[in-house]
Amino acid sequence: MITTADPIQAAIRPFRKASVNFWIAIGVLSAIVLVGIFAWVIQLRVGMGAAGYTDRSFWAIYIADVVAFIGVSYGGAVVSAILLITGVSWRAPLARLSEGMAVVTVLIGAALIVPHLGRPDRLMNMFLQPNFKSPVFWDFVAITTYMLASFVFFLVPLIPDMAILLEEHPNELGKRRTTLYKFLSKGWIGSNKQHKTLHGAITILAILIIPLAVSVHSVLSWAFSLVSRPGWHESIWAPYFVIAALYSGVALVIIVTAAFRRGYHLEEFIHERHFIRLGFLMAALGATYLYLTFADILPGAYLGERGVSQVVFDTIAGKFAISFWLFIIAGGVAPIILVALPQTRNIWGIVIASVLVVIALWLKRLVMVIETAHYDRLTQSFGDYYHFTWIPIAITLAATAAIPLLLMLLFRVFPILAINEIQEAESEEEALQASKSTSMAMKASVGALILVAAVSAISIVGATPSVAAQDNISLTAITSGAKVTLTATVLNGTVPVVDAPVDFYESTKMFKPGTNPIPLGRELTDLNGIASLTYTSVVNGPKNVSVTYYADVEGEPAIASTNIDINGAISPYEERAPKLLAGAGQVLVKVLFTLVFIVFVTVIAQIVRLRRVMRLQ
Amino acid sequence: MLSEGVKRGNRKDLGLTPAGDPCVEEADLSRRNMLYGLGALGVASMSGALGLINYSEEAQAVATDSLEHQWCRVIDLRACTGERKCVSSCQTRHGLPPEQTWMRVLSWQDEVGKEFFMPVPCQMCENPPCLDVCPVSSTFRTPEGIVLVDQETCIGSRACMAACPYEARYFNWSKPAETNRMPAPSPNTPEFPKNQLGTVGKCVLCADRMPYTNELPSCVDACPNGVHYIGDFVTDVAVNGRKTVKLSTFLSENNAVRFKEELGTNPRTYYILGNGQPLGGPEGAVK
């Protein structure tokens with residue numbers, strides 16, 4: 001379908017003098033964000049206890065928020081990147097909005113890590129003393145990399161649009177926009193070579209952003225599944241998170257598109273068919289998410305193993321049953337029905353389905369986090385679980401309000417429609433060159449698959465007789481290396497005492513000032529009144545060996561001792577072999593760093609090559 | 001129309017060279033050369049940077065070669081009567097709020113009403129899961145086997161709390177009250193940490209008292225029944241404040257077991273059962 005409306009006029013409309021409604025909306029949204037920041041300041045002063053956290057709910061709402069917000073960011077990447085490399089021409093009017101949403105939500109999601117931390121003032125330690133074994137560190141790397149790529153992916157397609165606007169409406173842009181546009185699009189004349197380079201750069205960025213978004217959601221899930229907590233320690237969690245991200249992301253794209261379509265009068269470019277197609281995509285992802293939810297729950301529930309089965313039971317039939325089934329119905333079944341029924345398959349129906357999906361998936365993440373966190377692995381029961389206070393609610397609402405706020409501000413600076421892409425899509429439709437784009441898309445998809453595969457790929461001594469009341473005891477020690485033979489003789493006058501229990505000791509300098517005797521064992525004297533014990537000393541150096549004998553149950557023991565010097569003793573302590581696969585972990589770290597480096601170089605290279613063709617002209 | 005040219009890149013309108021033109025090829029070549037150069041530079045700097053990654057682990061390996069002590073714990077459950085003196089003395093010594101206990105004493109009853117107790121401090125694992133997940137390397141293991149937290153670098157991500165299978169970590173959710181810390185033998189060190197808002201605390205095995213020749217850990221000192229032993233694998237001795245035993249013999253003769261051995265954490269805390277109780281207790285044992 002070819003639109004006769006001018007995308008330039010529609011894109012430039014938000015730059016003009018804004019209506020009172022616009023400023024009211026900005027004011028209200030800013031106020032909500034300010035309340036959230038105020039709540040965070042209070043939390044900083046009072047402590048995270050004020051946000052309802054306890055040792056049994058150490059992770060709760062903020063981490064769920066992080067997952068939810070960074071999750072929806074992926075939706076922007078999908079609608080734009082996947083649809084681009086698969087050559088879907090109807091994406092053009094949605095491209096700028098979804099790319100903008102991806103940038104805005106990943107920024108808010110990353111910012112939500114700050115209230116989650118006990119000491120956000122030390123965030124720099126992530127750079128200063130990173131631990132490469134930590135999934136949280138890799139979260140940080142993945143989010144940073146994805147943020148850079150999504151930012152560049154938003155900016156690059158803007159270049160021709162800015163040039164077009166500078167060319168056609170120089171007077172309507174205003175001073176600041178003109179300066180910014182001139183700086184960013186300097187040298188763009190729209191030659192064939194420039195267009196070719198631009199297409200190449202956008203395609204590479206689109207291919208790159210898919211495995212990057214997959215990596216972000218996988219690593220986010222590994223912050224949970226790399227610990228041995230029941231419910232979190234699940235191999236399915238990485239793809240489960242990726243699908244959840246896509247699902248909620250497409251839903252938010254629908255909501256944002258519907259809101260801006262109405263508020264910014266883009267009805268001529270974005271039609272019901274756009275919503276229906278996105279709705280189908282959302283329904284397919286919803287069905288996949290329901291399937292993965294079942295696959296996640298079944299193994300734990302089937303085996304009945306303590307821990308996992310308790311968590312599953314508590315989720316589907318215990319404290320969290322209402323939330324869980326609410327999610328299944330409102331976040332899974334209802335949206336699919338709304339999209340499936342022809343009566344509700346319209347903009348309103350699909351937007352309602354999308355709102356249900358976004359809210360239900362946030363709830364699902366909250367349940368996933370709180371449920372397992374409050375399971376106490378010592379008592380094997382549930383501790384007190386998370387209680388909401390106004391602080392985290394204010395912060396979550398602030399983050400939510402920040403989405404439209406930042407988007408409204410963003411589209412006051414940059415054109416809301418991808419002018420160039422819409423025009424190209426139109427001309428493509430005119431020429432019906434569908435076959436050509438498929439082959440490029442094929443190459444691009446193969447490239448994406450290869451990248452995804454690459455990512456998923458680390459011492460005789462004299463005796464000293466001692467005096468006893470009646471019985472007397474003497475001790476001799478013979479050392480041979482670390483082997484010591486102690487021989488005690490118990491005599492009553494000159495008569496050997498038979499079957500007398502004799503206790504042998506060796507001194508240690510440990511755990512007491514001076515010497516501390518370690519019991520070595522008890523032996524009975526033979527017919528000659530002799531008892532002996534052989535042991536291996538474990539510590540080198542001079543020491544005292546002693547022997548005691550209690551003639552009576554009460555009363556002082558007969559004691560004899562002697563000094564020895566041990567050489568060549570070997571401690572029984574042996575270091576344990578390192579964890580299996582510890583070496584593989586080290587290799588993995590190097591591989592991952594190399595991949596991250598390649599991604600950075602590739603992203604930056606796209607800017608460099610564009611700047612080059614823009615300078616050459 | 002110029003705008004058309006800008007939009008479509010119309011070659012004819014602007015009089016530009018066609019795609020196959022040598023000038024364009026040249027630009028392509030130089031771009032390629034530059035990218036190769038960038039790549040080569042990257043590979044060089046990358047291999048340099050990757051060489052640094054092993055640094056901390058190699059340093060640790062050197063440190064463990066000169067071992068004097070390897071601390072461990074033995075908890076004799078036969079003697080425990082659940083007085084929880086270990087817990088209170090620890091809280092006093094470390095200035096902990098009432099809800100924060102660096103050692104928990106689980107208790108439960110069997111069908112006959114017999115009570116069982118089980119003190120659970122940090123198990124001082126040899127493969128501590130809490131250490132691996134700390135994003136900022138604030139949790140570390142001393143060469144003598146004590147797992148500690150640097151209160152001055154902890155960012156409070158609580159990843160360690162998620163990872164610890166013994167739930168032995170505690171977060172300072174509110175501002176710790178200025179408590180009468182025992183006469184400070186040391187300033188604020190990981191061995192004798194000062195609690196601060198927003199960081200994670202845990203049992204330090206009174207590491208500031210090492211090598212325990214003058215004073216034993218407070219829980220060991222406080223127990224009236226001699227339940228807690230502090231031991232050393234190297235010199236093969238353990239004491240509970242009144243009795244000294246040969247560690248290896250003591251463990252084997254009493255069939256000492258470790259808690260959650262199947263997790264591969266290699267805990268350095270041994271339990272001596274003997275009252276017929278299961279380790280960890282039944283579902284729903286209380287703190």
- Is there side-chain contact between A/E575 and B/Q70, with heavy atoms separated by less than 4.5 Å? no
- Steps toward side chain to side chain contact (heavy atoms under 4.5 Å, CB included) verdict (A/T379, B/R104): CA-CA 10 Å; A/T379 61; B/R104 287 165 70 183; 3.7 Å; yes
- Partner residues of B/D232 under the salt bridge (Lys or Arg N to Asp or Glu O under 4.0 Å) criterion, sequence neighbours left out: none
- Task: Output yes when B/E167 and A/R229 qualify as a salt bridge under the 4.0 Å nitrogen-oxygen rule, no when they do not.
- Result: yes
- Task: Calculate, to the nearest 0.5 Å, the distance between atoms NZ and OG1 belonging to A/K579 and B/T265 respectively.
- Result: 9.5 Å
- Task: Evaluate the criterion side chain to side chain contact (heavy atoms under 4.5 Å, CB included) for residue pair A/R122 and B/V136; output intermediate values, then yes/no.
- Result: CA-CA 10 Å; A/R122 296 175 178 168; B/V136 292; over 6 Å; no
- Just how far is it from atom CG of B/D236 to atom CD of A/E506, taken to the nearest 0.5 Å? 9.5 Å
- Item | Winner by heavy-atom pair count (cut-off under 4.5 Å) against chain A, out of B/S174, B/C154, B/A159, B/A162 | B/A162
- Message: side chain to side chain contact (heavy atoms under 4.5 Å, CB included) for A/N131 and B/F140? Distances and angles first, verdict last.
- Response: CA-CA 11 Å; A/N131 177 12; B/F140 61 100; over 6 Å; no
- Task: Side chain from CB out, backbone as N, CA, C, O: work out which of these in B/S157 comes under 4.5 Å of a heavy atom of chain A, or both, or neither.
- Result: both
- Out of B/T213, B/T244, B/V220, B/I230, which one pairs with A/F511 under the side-chain contact (heavy atoms from CB on, under 4.5 Å) rule? B/I230
- Message: If I take atom CZ from residue B/R169 and atom CZ from residue A/F58, how far apart are they, to the nearest 0.5 angstrom?
- Response: 11.5 Å
- Counting only heavy atoms closer than 4.5 Å, note whether B/F250 contacts chain A via side chain, backbone, both or neither. neither
- Can you name the residues that form a salt bridge (Lys or Arg N to Asp or Glu O under 4.0 Å) with A/R576, not counting sequence neighbours? B/E126
- Query: Which atom pair, heavy atoms only, marks the closest approach of B/S138 to A/Q129?
  - Reply: OG-NE2, 3.9 Å
- Query: Would a 4.5 Å heavy-atom cut-off, applied to side chains only, mark B/T235 and A/S571 as touching?
  - Reply: no
- Query: Backbone N or O of A/G52 within a donor-acceptor pair of the B/W173 side chain at under 3.5 Å?
  - Reply: no
- Item | Verdict with reasoning, A/Y53 to B/R158, per side chain to side chain contact (heavy atoms under 4.5 Å, CB included) | CA-CA 11 Å; A/Y53 282 71; B/R158 310 186 290 290; 3.5 Å; yes
